[in-house]
Trainee: 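This structure is in structure tokens; I'll ask about it shortly.
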Amino acid sequence: MSGNTPADMAIIARVYRSLRLIRRTEEEIARIYPTDKIKSPVHLSIGQEAVAVGVCDVLNDDDVMSATYRGHAAYLAKGGDLKQMMAELFGKATGGAKGKAGSMHLVDMKANVLGMSAVVGTTIPIAAGYAFALGRERKGRIVACFFGDGATEEGVFSETLNFAALHKLPVLFICENNGFAIHSPLSNRWATEALCERVATYGITPHLLDRDDVFTIRETAQKAADEIRHGSGPQFIECKTYRWREHVGPGEDYNDSYRKRADLEPWQAHDQVKLTGGMLDAAERQTIDDEIEAVIADAVQFAEDSPWPDPEELFNHVFAK
Amino acid sequence: MSGNTPADMAIIARVYRSLRLIRRTEEEIARIYPTDKIKSPVHLSIGQEAVAVGVCDVLNDDDVMSATYRGHAAYLAKGGDLKQMMAELFGKATGGAKGKAGSMHLVDMKANVLGMSAVVGTTIPIAAGYAFALGRERKGRIVACFFGDGATEEGVFSETLNFAALHKLPVLFICENNGFAIHSPLSNRWATEALCERVATYGITPHLLDRDDVFTIRETAQKAADEIRHGSGPQFIECKTYRWREHVGPGEDYNDSYRKRADLEPWQAHDQVKLTGGMLDAAERQTIDDEIEAVIADAVQFAEDSPWPDPEELFNHVFAK
Amino acid sequence: MSLPSERSLSYVEALQEALAQEMEHDNSVFVIGLNVDDHKAIQGTTQGLIDTFGPERVMDTPLSEDAITGICIGAAMAGMRPVHVHIRMDFLMLCMNQLVNMAAKAHYMYAGQVSVPMVSRSIIGKSWGQGAQHSQGLHSMFMHVPGLKVVAPTNAYDAKGCMAAAIRDNNPVIFVEHRLLYSTDAPVPKAPYTVKFGKARISGAGTDITLVGVSYMLVECLAARDLLAEVGISAEVIDPVSLMPLDVDTIAASAEKTGRLLVVDNAWTAAGASAEIIAAVCERHAEKTPVVSRMGYAPTTCPTTPALEKDFYPNASTIASRAHALFRPNDPAWVPDVEPTLPHEAAFRGPF
Amino acid sequence: MSLPSERSLSYVEALQEALAQEMEHDNSVFVIGLNVDDHKAIQGTTQGLIDTFGPERVMDTPLSEDAITGICIGAAMAGMRPVHVHIRMDFLMLCMNQLVNMAAKAHYMYAGQVSVPMVSRSIIGKSWGQGAQHSQGLHSMFMHVPGLKVVAPTNAYDAKGCMAAAIRDNNPVIFVEHRLLYSTDAPVPKAPYTVKFGKARISGAGTDITLVGVSYMLVECLAARDLLAEVGISAEVIDPVSLMPLDVDTIAASAEKTGRLLVVDNAWTAAGASAEIIAAVCERHAEKTPVVSRMGYAPTTCPTTPALEKDFYPNASTIASRAHALFRPNDPAWVPDVEPTLPHEAAFRGPF
Ligand SMILES: Cc1ncc(C[n+]2csc(CCOP(=O)(O)OP(=O)(O)O)c2C)c(N)n1
Ligand SMILES: Cc1ncc(C[n+]2csc(CCOP(=O)(O)OP(=O)(O)O)c2C)c(N)n1
Ligand SMILES: [Mg+2]
Ligand SMILES: [Mg+2]
């Protein structure tokens, strides 16, 4: 992304806005959290925004996105409704799922955001199944399926890769490898780090990114998505990234035994929000930042002001009509 | 196996005896089957004997073997008791599992034959778990774990490979690739045939054998087993082989639509029982053949003469004391 | 079945016809599962579908029950109607995470933004050495989880009507079949029809005791009814048809009338469908609860040898004997002297 | 607990002590599961074990619940005693194939040639937005399958004794814990001891109605007992402790005495433990069956918002109200006006 053409500048601005919106929204969630207004676990993506943004920026509105309980970033990057998300975290009736989902099960089908799951790996075959249906539809729509490094250890991941490759499903798998499953490092979980080589044995084109540079991710996703639309079958991106906050909850945990603040520093040094912002001129950036603050404040206010769901709501949606 | 040294000749005779015992036992089972004395499904290994024999011939008595519902060959090759096996198929009280197991769940812990399972793939992690315990024991014992090509499609297979490689478990995995899961060909189930390449990405040494030549299998297994005993961690053999009879039951099924008799011919052309027998002089071979017929007749008689289990047996072994 | 119809079909043919008609009438319906497209065609239940609808709608699969279940859920969320076939119910244990944690919950957890119209067909095996892992009736596990429907038709008429209803239902339906019902015939209309879930059938009227038979045990209960008639006991036999929703009204009304309720399940009794039915009925009768009893699999794993397997299952004779003891508690125990296994069962040789 | 003891431990400390003592006394015992070795130590229940016993006996794992369960089964067959930890019971759905088709059956299917001495620890979550997939109590599924034992201790004393018993048991044991019991204290002897499975406890004596509380619901039942006392109703509260084996004798005797049985499960009621307990009791009382009733999770998926979650669970107030209606059916309905959530629950903020 040289930033020399107006088109490039538009992309940079759009990408920056998305990165910044996610970062600030989650910082706001972390700020509010101690008030107990968000009575549910939150798994923040702070530090990992670039993966979601780089990929989702190349998706069409009618493409579909699937993510995990650590899904705020992907949800917003795909265009999920922020007010409904905030109200959902507050457990209000105006939440995307009327307060039934909370942070871990965000969904927004209007934005083609598939429902997220708190059981690791469960969304992978479901995303593939959705892609299966899109494939039959033959309109060139694809599914982008995000998951963590730990999810690749579940058998269903391998089963899904085999099926997706066998039937050339239009799905882009993205593994956000942040090196940890809760506090467990890769070395406790992976026999080798040859994940991309393994994926390739299914006939799936892998792309290994050892840093979460947002524009590299974007270009990789762009190329992969185009090929998938044209029938290449599934492709796979493994992107190394880093979780800046604790596994669950609003805080940092560098004083806990499993990692050191020094581990964070190289990642902070190429903080994608800062770097991308730096590519814009100060005035434009300020406008974006101000607009984002307003949007977030709005969403929080909306959540605050929204009513709790009625007691009867407990019994709705057990069965579809 | 040049057959020039007495040692070689002894091995050839032993291997032939094992191959022939299995072939004749299963032919006998097929002969008896229409009498309904064996009131349970049988999955015959006829044509696939070489894989079980080649591997088990290099195992020590205190090594452990795990196989599937298609387990007659492995059971006998590892030294499982023939009389108990036949009585088990007849459902008699003298069966290895008192008639509770039948053909699909054969077991003989005295011979270190782990119990088999009728649910595909289920024995793979269990074999690894047994190997895990043997590893802690540090006596150089290993587990040989047999399964079919279909079993590799179950997620638990991938999960087990990762764990076994991560902890360098003393286990030799053997995939008997006969090209079918019931009537389903590989092309309906595998995105690619790069199974060995995939296994290698876990840091597990793979061995691909494109024919089931018993002495090639034996040499491969010998080398792998030695290395595993000395801490190499798990190794993997994929051996192409062919199921001569129907998936389940005593007969052939070349008139069914899913395969042709012509497909069988190349395999029959290098029938390992015949070829190995041909390496022995006629007299020696005859002695072995006669002894085998006697042993089998004995086992069948034993099964015939054995009593049914008492009704109370139904309630034994629900819980271990 | 008292419903009029010219022709009679086997349970297998009825299932096949329902699948063919639903696929015909709705392009979003597809059948997926290991060997659904082969010459054996799942004992004939998918016969000819591959020729009529092609491999895109009749799909063989890898042995990956967990992922295939998730793929069906995803396809269903996208508007398709998968029918996932399992040749044994035991294999559903591989699908529990997707069925319990995703399929059952998606519509609720996402507040109606998606629904999961899928059918999981599963066959319960019996006899011919099915043994520990090919004989389980695990339907109660699915009855336990809100969001799943569970249906277990016991005759060809209901098999066709329930399959059509299951496919058209907008929720995940666990469709429980029994291998030994496959050869049974019943009058079955040619035109498509649905059998409503949540309505039990009185399969045989009576006044002295109520017998509820789940899945294959309905057949044994009907045979027990004949045996009981010989000793002057009039048994009313009820077929729940669907287990979730469960028609407690019909069962409770019958139990109220007869004063005695014996529930016979094709499964273990502990925390099973039989426990649910008895608890639900007893909860309703604060005043005079009926005399209640359960029968089901022996509290053991299923053995392969017929010598032990015969005592693992309830049968017409043991059911009649238990019913007699409940109706005439002061009489000496009575065991009808008949062959425990029904003829068509004794004749069963597989195919596996 | 009436047992004398100098010191009091929390449920967490009691579990940790049992694990440490059993590992000390038997080298074949090892703990395996995701994050069992980290600084959070499964809420403290595995605290310090990694330092004392090292990584060979306190093993972190990949996210591969299915395979790890099979690996535990294999290790157990070879003579080891694995304790497999799951931070939520919901995740046991990934282990069903190995637990139901192998662990439960191996000893029987192989006629005693092997046994499977393993423990699957699983924690039921509640409140703080646990929601659909982190709140399920699925113990009834395991009660259904012969060969598995299921235990759900409700206090620190039983937690230690049941854990020791589970580890020493030669069968697979599903060990049901509840997140909200972790902070509760009870007198706990330092010396190792076991609590025998199959013996229920009378946690509070009474004469008018029998309340059976499963897992965390025992705590709510005890609170309900206090509320009922205020309106002159004497409730006897029973803790089954183990669900398989189940002590029907103690429950039936109490129900016989009081004439009323209300079973409150920390799970759904349909084909659940509450159905089993009621069916088992009713089967015994051909003559005068007690008045019976069940309470449990609402027949819905668990919502995350506290606004709806509060009505998803039974609580002291709703339990007391139901008990009152059973005891005084002709009185107007009574709802004690107290906070539905118990103080320590209201105080709960996680850690997750
Ligand atoms: C099947 C399952 N097992 C265990 C857990 C507990 N758990 C919650 S998040 C998590 C970490 C998963 O790691 P990863 O996939 O790398 O995602 P990350 O949290 O790093 O984004 C685990 C183990 C779970 N939710 N589901
Ligand atoms: C989990 C599971 N799914 C499906 C089946 C039905 N089934 C029985 S044998 C078999 C074929 C397995 O093929 P493979 O692993 O190649 O072994 P083979 O029979 O060829 O020796 C299948 C699918 C089963 N028993 N278990
Ligand atoms: Mg991670
Ligand atoms: Mg095969």
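Letters A, B, ... are given to chains in the order of the sequence lines, protein chains preceding strands, and every chain is numbered from 1.
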Trainee: Below 4.5 Å from any heavy atom of chain A, which atoms of B:T160 appear? Answer side chain, backbone, both or neither.
Mentor: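 Neither part.
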Trainee: Just say parallel, tilted or perpendicular for the rings of A:F236 and A:F147, cut-offs at 30° and 60°.
Mentor: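 Tilted, since the angle between the ring planes falls between 30° and 60°.
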Trainee: Give a yes or no answer on whether the side chain of B:E159 reaches the backbone of A:G155 with a donor-acceptor pair at less than 3.5 Å.
Mentor: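 Checking the backbone N and O of A:G155 against the side chain of B:E159, a donor-acceptor pair under 3.5 Å is found.
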Trainee: After noting the C-alpha distance and the side-chain angles of B:D63 and B:K78, does the key distance pass the salt bridge (charged side-chain N to carboxylate O under 4.0 Å, His left out) rule?
Mentor: CA-CA 9 Å; B:D63 286 332; B:K78 182 61 173 73; over 6 Å; no
Trainee: If only side-chain N and O atoms count, and only distance matters, is there a donor-acceptor pair under 3.5 Å linking B:H183 with B:R259?
Mentor: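 Result is no, nothing qualifies.
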Trainee: For B:Y254 and B:Y242, take the angle between the two ring planes, folded into 0 to 90°, and tell me which bin it lands in: parallel under 30, tilted 30 to 60, perpendicular over 60.
Mentor: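 Because their plane-to-plane angle is under 30°, the rings of B:Y254 and B:Y242 count as parallel.
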Trainee: Quick one, B:L172 with B:L59, criterion side-chain contact (heavy atoms from CB on, under 4.5 Å). Give me CA distance, side-chain angles, the key distance, then yes/no.
Mentor: CA-CA 11 Å; B:L172 174 60; B:L59 298 179; 5.6 Å; no
Trainee: For residues 190-204 of chain A, give me every residue with a non-hydrogen atom less than 4.5 Å from any non-hydrogen atom of chain B.
Mentor: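 Heavy-atom contacts from residues 190-204 of chain A to chain B are A:W190, A:A191, A:T192, A:A194, A:E197, A:R198, A:T201, A:Y202, A:G203.
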Trainee: Are B:R189 and B:D149 close enough for a salt bridge, meaning some N to O gap below 4.0 Å?
Mentor: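 A salt bridge links B:R189 with B:D149.
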Trainee: Without hydrogens or angle criteria, can the side chains of A:H43 and A:S103 be said to hold a donor-acceptor pair below 3.5 Å?
Mentor: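 Note: A:H43 and A:S103 side chains miss the donor-acceptor criterion.
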Trainee: Determine, step by step, whether B:K240 and B:W267 satisfy the side-chain contact (heavy atoms from CB on, under 4.5 Å) criterion, reporting the C-alpha distance in whole Å, the side-chain angles of both residues, the deciding distance to 0.1 Å, and the verdict.
Mentor: CA-CA 10 Å; B:K240 300 269 175 39; B:W267 296 95; 4.1 Å; yes
Trainee: For chain B, which residues from residues 122-138 of chain A lie under 4.5 Å away (heavy-atom distances)?
Mentor: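 If one takes a 4.5 Å heavy-atom cut-off, no residue of residues 122-138 of chain A lies near chain B.
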Trainee: With salt bridge (charged side-chain N to carboxylate O under 4.0 Å, His left out) as the criterion, how do A:E265 and A:R261 come out once you've worked through the C-alpha distance, each side chain's angles and the decisive distance to 0.1 Å?
Mentor: CA-CA 7 Å; A:E265 279 150 13; A:R261 183 169 296 277; 6.0 Å; no
